[in-house]
Asker: 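Below: one structure in structure tokens.
Every chain is numbered from 1, with letters handed out A, B, ... down the list of sequences. All values below were derived from every heavy atom in this structure, side-chain atoms included, with hydrogens, water molecules and symmetry-related copies excluded.
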Amino acid sequence: MAKVEIQSLKGMRDLLPEQSYQWQFVEEKLRKVIESYGYQEIRTPLLEKTELFKRSMGEVTDVVEKEMYSFTDLNGDSISLRPEATASCVRAGMQHGKLQQQIQRWWYSGFMFRHEKPQKGRYRQFQQVGVEVFGLQGPDIDIELMLLSWQLWQALGLDNVILEVNSIGNLTERQNYKQDLVKYFEQYKSQLDVDSQRRLYTNPLRILDSKNPEMQTMIAKAPKMLDYLSKQCQQHFVEITTVLTQLKVPYRVNPYLVRGLDYYNQTVFEWLTPDLGSQGTICAGGRYDGLVTQLGGKAVPAIGFALGVDRLIDLIQATQIKFTPPALHAYWIAIGEQAQQQSWSLQQSIRQALPQLRLLNNCNGGNFKTQFKRADKSGALYAIVLAESELEQATVTIKPLRSDEQQQTIQQTELVNYFATIIRTKDNQ
RNA sequence: GUGGACGUAGCUCAAUAGGUAGAGCGCUGGUUUGUGGUACCCGUGGUCGUGGGUUCGAUUCCCAUCGUCCACCCCA
């Protein structure tokens, strides 16, 4: 590792040019699918008042309690880097009157910040792409989001993923359930592991997705949320699973699936992969009908999901999908001062005529040998040569660098046509 | 926040039961001064993450610190 005095912050990564293409590739695929469903992009600030997250996510969640990048700004206000974007979307929707008896289908993409201990698939600055829908109550929109997310994986060529769904009911149902659950686990209090004992009174639902194998039999016999659902919630849930079955979505009902954030109700879902170690959730979402009122607005039903782009890319790399950025079409070699002078105007006109052309200009002079070496290293498909004899005859020499074809010398006036053909054939391969 | 592994050249990694380090790849140049890629040859590269301690002497042992990785926790 190079010795530099100042390094990047812990858990925050540089994406170097050789990686950024992968990100562009994934971002582009995601955007295309989401927009094909008619969703519109919203961009909100990275900084918000700390209170927004406290009120939306719940004071006792780890994220709010100890993972936020919060500080006091020059006015004395407590502000925070966003740890997620749902709260910001709700805030923006309310602030601009977009949630008044309207339907909104929004999506966003951006960095989130959580001061966690980094590990695989978990970074302090990480990118989420998410979708938030406001004003729709029925199970149809729940289904839409699950199908939309499914299509994202298909667009990316990921097939080793599975959807888990559950319903955590409405507030009163969940409270009843929590009470019974606590009662149940209290009987075995001494047998609970340390984590579960702590969770018993802070977040009892979390005991259910404990990874400790010794806890599993006890968990299996615990009361299940699905038995506590009202008729209406049950119906809502059944309609969802019926469609999932009909469409052969790879899914299973996980009665222990819960949510880390307080604002969720009814439908919750997660997409999981076995290929990423312990951070196997690539996408998670659910309904949050209560959040808008919780933030002081009129009740608006809402549902959304967020996916971790970092994890998606890790996953795509693990499953060996190749990312090859498109090669340069040409590298421009100019020998001598006069040729260099003329190159500027020739390049200018070919670039204007062919905006898709990827052409790298040789800088820093050099003889034939060095310029050709650079041309080769650039990965360009062709070298375009302008030297003394070409200057005299108003031609350029074009040498293929990736095939055995002969080089040829053409009139400078033919350059645009020549490369128009190359772009057409090469870029469609 | 808890636990474990690990930091040696730009990259991937060796070595030294404590005597200041090597290889491959890369990079530079040459064989080849209007033609790259292959081959061969030459060269370039490191206060062994940082700070302290033990020692005649530390990259090696000890402590601290920073960072990376993995798991728990939490979560996307």
Asker: Figure out the CG/C1' separation between A:Asn367 and B:G30, and round it to whole Å.
Answerer: 13 Å

Asker: What integer distance in Å separates A:Gln407:CD from B:G36:P?
Answerer: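 About 11 Å, once rounded to whole Å.
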
Asker: B:U68 and B:U31: how far apart are their P atoms, nearest whole angstrom?
Answerer: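 Approximately 47 Å lies between the P atom of B:U68 and that of B:U31.
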
Asker: Write down the distance separating the P atoms in B:G30 and B:A71, rounded off to the nearest Å.
Answerer: 49 Å

Asker: Measure CZ/A:Arg114 against C1'/B:A76 and give the value in whole Å, please.
Answerer: 7 Å

Asker: Between B:A58 and B:C48, how far apart are the two P atoms, rounded to whole Å?
Answerer: 12 Å

Asker: Among side-chain atoms of A:Thr413 and A:Gln411, is any donor-acceptor pair under 3.5 angstrom?
Answerer: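 No donor-acceptor contact under 3.5 Å links the two side chains.
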
Asker: Give me the distance, rounded to whole Å, that separates B:G57 from B:G19 when you measure between the C1' atoms they each carry.
Answerer: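 So the two C1' atoms sit 7 Å from each other.
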
Asker: Does A:Gln7 make a side-chain N or O approach to OP1 or OP2 of B:G67 shorter than 4.0 Å?
Answerer: no

Asker: A:Tyr382 near the nucleic acid: base, sugar-phosphate alone, or nothing, with a heavy-atom cut-off under 4.0 Å?
Answerer: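 Nothing, no heavy atom under 4.0 Å.
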
Asker: So which nucleotide does B:G18 pair with, by the Watson-Crick or G-U wobble rule with both distances under 3.5 Å?
Answerer: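 The answer is none; no pair meets the criterion.
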
Asker: Roughly how far apart, to the nearest Å, are B:U20 and B:C25 at atom P?
Answerer: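 Here B:U20 and B:C25 have their P atoms 28 Å from each other.
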
Asker: Tell me whether A:Phe372 is stacked on the nucleobase of B:G36, counting only the six-membered base ring and applying the 5.5 Å and 30° thresholds.
Answerer: no

Asker: Which nucleotide in the list B:G3, B:U35, B:C72 gets nearest to the side chain of A:Lys117?
Answerer: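 Output: B:G3.
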
Asker: Over how many whole Å does the gap from A:Gln125 atom CD to B:A76 atom C1' extend?
Answerer: 14 Å

Asker: Indicate whether OP1 or OP2 belonging to B:C72 is found under 4.0 Å from a side-chain N or O atom of A:Lys211.
Answerer: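 Yes, A:Lys211 has a side-chain N/O under 4.0 Å of OP1/OP2 on B:C72.
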
Asker: Rounded to whole Å, please give me the gap between CD in A:Glu67 and C1' in B:C75.
Answerer: 7 Å

Asker: How many whole angstroms separate atom CD of A:Glu116 from atom P of B:C70?
Answerer: 14 Å

Asker: Taking atom P in both B:C13 and B:C70, what distance in whole Å separates the two?
Answerer: 14 Å

Asker: Using 30° and 60° as the class limits, which term best fits the ring planes of A:Phe368 and A:Phe372: parallel, tilted or perpendicular?
Answerer: parallel

Asker: Check whether any side-chain heavy atom of A:Lys32 sits under 4.5 Å from a side-chain heavy atom of A:Lys29, and report yes or no.
Answerer: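 A side-chain contact is absent here, since even the closest heavy-atom pair is not under 4.5 Å.
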
Asker: When you measure from the side-chain N and O atoms of A:Arg206 to the phosphate of B:C73, is any distance below 4.0 Å, counting only OP1 and OP2?
Answerer: no

Asker: Which value, in whole Å, describes the distance between the C1' atoms of nucleotides B:C66 and B:G49?
Answerer: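 These two C1' atoms come out 8 Å apart once rounded.
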
Asker: Do the side-chain N or O atoms of A:Lys369 get closer than 4.0 angstrom to the phosphate oxygens (OP1, OP2) of B:G36?
Answerer: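 So the side chain of A:Lys369 is within the cut-off, an N or O lying under 4.0 Å from OP1 or OP2 of B:G36.
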
Asker: Tell me: CG of A:Asp193 to P of B:C73, nearest whole Å?
Answerer: 8 Å

Asker: Ion pair present between A:Glu186 and A:Lys183, side-chain N to carboxylate O less than 4.0 angstrom?
Answerer: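 Result for this pair is no, no salt bridge flagged.
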
Asker: Would you mind reading off the distance between A:Asp404 atom CG and B:G37 atom P, rounded to a whole angstrom?
Answerer: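 Rounded to the whole Å, the gap is 15 Å.
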
Asker: If I pick the P atom on B:G10 and the same atom on B:U35, what distance separates them, to the nearest angstrom?
Answerer: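 Their P atoms lie roughly 35 Å apart.
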
Asker: With ring centroids as reference points, do A:Phe134 and A:Trp106 lie under 6.0 angstrom apart?
Answerer: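 Between A:Trp106 and A:Phe134, which both carry aromatic rings, the centre distance is below 6.0 Å.
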
Asker: With a distance cut-off below 6.0 Å to the six-membered ring centre and an angular limit of 45° from the axis, does A:Lys221 pair with A:Tyr188 as a cation-pi contact?
Answerer: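 No, cation not above the ring by the 6.0 Å, 45° rule.
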
Asker: Side chains of A:Thr86 and A:Glu132 only: does a donor on one sit below 3.5 Å from an acceptor on the other?
Answerer: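 Checked: A:Thr86/A:Glu132 side chains pair up, N/O donor to acceptor below 3.5 Å.
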
Asker: Give a yes or no on whether a donor-acceptor pair under 3.5 Å exists between the nucleobase atoms of B:G36, that is its base, and the side chain of A:Asp376.
Answerer: yes

Asker: With a 4.0 Å cutoff (strictly under), does any side-chain N or O of A:Lys120 reach OP1 or OP2 of B:C69?
Answerer: no

Asker: Name the nucleic acid region contacted by A:Ala375, choosing base, sugar-phosphate or nothing; use a 4.0 angstrom heavy-atom cut-off, strictly under.
Answerer: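 A:Ala375: no heavy atom of the nucleic acid under 4.0 Å.
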
Asker: Name the nucleic acid region contacted by A:Lys377, choosing base, sugar-phosphate or nothing; use a 4.0 angstrom heavy-atom cut-off, strictly under.
Answerer: sugar-phosphate

